[in-house]
Asker: 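I'd like to ask you about the structure that follows.
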Amino acid sequence: MADSPLAGRRVLAIVTNYGVEQDELVVPVEQLRGSGAEVHVAAVSPDEIRTLVGDKDPGETVRPDLTLAEADPTAYDLLLIPGGTLNADSLRLQDDALSILRSFTGTGRPVAAICHGPWVLVEAGVVDGRTLTSYASVRTDIQNAGGTWVDEPVISDNAGDWVLVTSRTPDDLGPFVREATAALVASTV
């Protein structure tokens, strides 16, 4: 994989230990790793991550690589924020998660968030003037935070100093991973 465009690229996925939507974590992580990227999953605690399917049914458990507090955001090229209502609602209350996100946006590195994941963006105050999508119920929060919400499978917004890739639901994972990969390849920071 040394000749892969993602060889040498590092991705940090941030989640809580309960409630992340299974496919929104597992699919991008597996596909990015399969394309040559090094991907680490950071959770609130070192305990297993219990994913959910459809916000209610138990999914796979995932072992985090490190905790949010241990993560050095400067060591990564792209930030991945999976959704899941419970995950995103709790993640946006984690100071470490907000600090990691602000490190990425403050240094011009891309961020990819899906479903309810943009709640973390809203909480961090980084959506003003940006165009993005999300799960439909997050629309008003995005608009109240100064963002423009659109109902599209994927939006790649590079209007600011950093690329923001967003998608609506697990049904949009194909375009989401494609655009996140493109942002990662194009990232020069």
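Sequential numbering from 1 along the given sequence is applied to the chain's residues.
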Asker: I'd like to know if the side chain of D157 and the backbone of R130 have a donor-acceptor N/O pair within less than 3.5 Å.
Answerer: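 Checked: no pair found.
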Asker: Of all heavy-atom pairs between L164 and W162, which one has the smallest distance, and what is that distance?
Answerer: CB-CZ3, 3.5 Å
Asker: Output all residues satisfying salt bridge (charged side-chain N to carboxylate O under 4.0 Å, His left out) with D65, sequence neighbours left out; order by chain, then residue number.
Answerer: R33
Asker: Of the non-hydrogen atoms in F176 and A112, which two are nearest, and what is the gap between them?
Answerer: CZ-CB, 3.6 Å
Asker: Enter the distance from E30:CD to D23:CG here, rounded to the nearest 0.5 Å.
Answerer: 9.0 Å
Asker: Grouping I, L, V, M, F, W and Y whenever their side-chain heavy atoms are under 4.5 Å apart, do V39 and V185 come out in a common cluster?
Answerer: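 Yes; tracing contacts between hydrophobic side chains, which count when under 4.5 Å, links both residues.
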Asker: For E21 versus P170, what's the shortest heavy-atom pair and its separation?
Answerer: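 Looks like CG-CG, 4.0 Å.
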Asker: With a cut-off of 3.5 Å and sequence neighbours excluded, list every side-chain donor-acceptor pair involving residues 55-63.
Answerer:
residue : atom : partner : partner atom : Å
D55     : OD1  : T85     : N            : 3.0
D55     : OD2  : T85     : OG1          : 2.5
R63     : NH1  : P46     : O            : 2.7

Asker: Taking side chain to side chain donor-acceptor pair (under 3.5 Å) as the test, write out the residues that go with D96, two or more places apart.
Answerer: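 Side chain to side chain donor-acceptor pair (under 3.5 Å) list for D96, sorted by chain: empty.
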Asker: When you group the ILVMFWY residues by side-chain heavy-atom contacts below 4.5 Å and let the links chain together, are V26 and I114 in the same group?
Answerer: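 Yes; V26 is reachable from I114 via cluster members.
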Asker: For the CG atom of D128 and the CG atom of L121, what is their distance to the nearest 0.5 Å?
Answerer: 12.5 Å
Asker: Decide whether L52 and L91 are clustered together by the hydrophobic rule: side chain heavy atoms of Ile, Leu, Val, Met, Phe, Trp, Tyr closer than 4.5 Å, transitively.
Answerer: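 In one cluster with L52: L91, no.
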Asker: Test I81 against every option in V120, V15, T166, I100 by the side chain to side chain contact (heavy atoms under 4.5 Å, CB included) rule and name the one that passes.
Answerer: V120
Asker: Hydrophobic cluster membership, with links at side-chain heavy-atom distances under 4.5 Å among I/L/V/M/F/W/Y: are V27 and I49 in one?
Answerer: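 Per the 4.5 Å side-chain linkage, V27 and I49 are co-clustered.
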Asker: Measure across L66 and A71 and return the closest heavy-atom pair with its distance rounded to 0.1 Å.
Answerer: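 Reported closest heavy-atom pair: CD1-CA, 3.4 Å.
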Asker: Between side-chain atoms of residues 142-156 and protein atoms elsewhere (two or more places apart, or another chain), which donor-acceptor pairs fall under 3.5 Å?
Answerer:
residue : atom : partner : partner atom : Å
N144    : ND2  : T140    : O            : 3.4
W149    : NE1  : S134    : OG           : 2.9
D151    : OD1  : R168    : NH1          : 2.9

Asker: With a 4.5 Å heavy-atom cut-off, do S187 and R9 have their side chains touching?
Answerer: yes
Asker: With a 3.5 Å distance limit and no angle check, can you tell me whether D161 reaches the backbone of G108 through a side-chain donor-acceptor pair?
Answerer: no
Asker: Taking only residues two or more places apart in sequence, or in another chain, which ones meet T16 in a side chain to side chain donor-acceptor pair (under 3.5 Å)?
Answerer: N87
Asker: Using a 6.0 Å distance limit plus a 45 degree cone around the ring axis, check whether R109 lies over the aromatic ring of F104.
Answerer: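 The answer is yes; both the distance and angle limits are met.
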Asker: Quick check: does any side chain N or O of R92 sit under 3.5 Å from a backbone N or O of V122, one acting as donor and the other as acceptor?
Answerer: no
Asker: Under the salt bridge (charged side-chain N to carboxylate O under 4.0 Å, His left out) test, which residues partner E38, sequence neighbours left out?
Answerer: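 Counting only residues at least two positions away or on another chain, E38 forms a salt bridge (charged side-chain N to carboxylate O under 4.0 Å, His left out) with R10.
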